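The next block holds one structure in the form of structure tokens; read it before the comments.
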Amino acid sequence: MKAEDTTALDVNYLARNGYLIDGNWKRVYWKRFDEIRLTGLIKASARYITIDIGSTSHCLFLTQTRCHLGGYRRWFICPTCQNRMGVLYLGNRCFGCRRCQKISYQSQSGDAEDRMVWKYHSLSDKVFNWKLKKAARFSRTYDKFLDVAERFEDLVDRRFQRIAMADVNY
């Protein structure tokens, strides 16, 4: 099972959006491609939240740690292994961490060529991302990104040529 395809619950998202305020009842929606896959009702208490999904109710305990510069960070307690986790996944009708649910990221299951293509796309997104400050686009860092992106583009082109030659010879 891949993390990108599962129903995840992020404690930081819940804290930012007021889901963890004691006494709150809020509806949560899990979407994929702008289509609602699943809905649930979150009821918050000081030490735990209850999530009602359909006819099933899940109780997830919370803890917190102090941050170095003040404040605190909230965590889920994984119901299976009792470790602190920022994200829990719904699988097999219960929530659990990635290890307990045996979930991996898609990027962990690719071969060397897949990783090369993912890195190329990641770099090209960074290079051509218009959210970069104007000054950064004309810096040495930006030039380095362009050099690396060009090298990856050449590697990808060579791989595609090999694949095309193998298809012709097949």
Side-chain angles (χ1 to χ4, degrees), residues 1-110 114-115 117-137 139-142 144-145 148:
M1 194 175 339
K2 302 294 175 216
E4 293 83 3
D5 299 327
T6 59
T7 302
L9 194 61
D10 185 347
V11 74
N12 293 317
Y13 172 82
L14 297 178
R16 261 192 323 269
N17 293 295
Y19 287 90
L20 301 181
I21 297 171
D22 194 10
N24 261 7
W25 288 42
K26 285 184 117 178
R27 187 147 305 275
V28 65
Y29 301 93
W30 285 275
K31 293 181 178 182
R32 180 153 175 106
F33 305 119
D34 291 331
E35 189 175 308
I36 296 174
R37 289 189 333 176
L38 195 62
T39 64
L41 179 66
I42 295 181
K43 301 172 220 170
S45 150
R47 300 227 177 251
Y48 64 92
I49 61 171
T50 304
I51 305 173
D52 296 328
I53 300 173
S55 61
T56 308
S57 185
H58 304 274
C59 184
L60 302 174
F61 287 93
L62 300 166
T63 188
Q64 61 189 25
T65 56
R66 289 192 183 276
C67 294
H68 182 68
L69 297 174
Y72 59 92
R73 178 172 289 131
R74 305 289 294 264
W75 301 93
F76 287 124
I77 300 294
C78 175
T80 309
C81 66
Q82 306 301 310
N83 287 328
R84 286 188 313 222
M85 295 292 159
V87 179
L88 293 180
Y89 297 89
L90 181 62
N92 301 327
R93 292 182 258 140
C94 65
F95 279 96
C97 66
R98 273 193 328 114
R99 278 187 229 113
C100 294
Q101 297 283 5
K102 295 181 175 54
I103 293 173
S104 62
Y105 294 115
Q106 185 173 357
S107 61
Q108 293 175 311
S109 60
D114 290 334
R115 287 191 299 275
V117 171
W118 291 328
K119 187 166 187 174
Y120 169 76
H121 286 295
S122 172
L123 281 172
S124 66
D125 286 345
K126 287 177 185 174
V127 169
F128 299 110
N129 185 355
W130 290 109
K131 293 177 185 173
L132 290 173
K133 295 179 183 171
K134 223 175 197 181
R137 282 185 277 173
S139 69
R140 280 183 270 170
T141 304
Y142 184 73
K144 287 179 187 176
F145 274 134
V148 171

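Given the structure is predicted, the values throughout are model-derived calculations rather than measurements.
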For Y72, what residues pass the ring-ring contact (aromatic ring centres under 6.0 Å, His included) criterion, not counting sequence neighbours?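 Y72 satisfies ring-ring contact (aromatic ring centres under 6.0 Å, His included) with no other residue.
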
Under the ring-ring contact (aromatic ring centres under 6.0 Å, His included) test, residues paired with F76 that sit two or more places apart: none

Euclidean distance, [Y] [atom2] relative to [X] [atom1], rounded to 0.5 Å:
X	Y	atom1	atom2	answer
R74	T63	CZ	OG1	9.0 Å
R84	R73	CZ	CZ	9.5 Å
Y19	R27	OH	CZ	10.0 Å
L38	W30	CG	CH2	5.5 Å

Taking the side chain as C-beta and beyond, is there a heavy-atom pair between [X] and [Y] under 4.5 Å?
X	Y	answer
Q101	T6	no
H58	L90	yes
V11	L62	yes
L60	F95	yes
I42	L20	no
Q64	W75	no

State which residues pass side-chain contact (heavy atoms from CB on, under 4.5 Å) with [X]; sequence neighbours excluded, sorted by chain then number.
X	value
R93	none
C81	C78, N83, C97, C100
I36	Y29, K31, T39

R99 and M85: CA distance, side-chain angles, deciding distance, side chain to side chain contact (heavy atoms under 4.5 Å, CB included) verdict: CA-CA 11 Å; R99 278 187 229 113; M85 295 292 159; 3.8 Å; yes

Below 3.5 Å, can you tabulate the donor-acceptor pairs from side chains in residues 43-56 to any protein atom, sequence neighbours excluded?
unit_1 : atom_1 : unit_2 : atom_2 : d
K43    : NZ     : D52    : OD2    : 2.6
D52    : OD1    : S57    : OG     : 2.8

Side chain to side chain contact (heavy atoms under 4.5 Å, CB included) assessment of V87 paired with R98: CA-CA 8 Å; V87 179; R98 273 193 328 114; over 6 Å; no

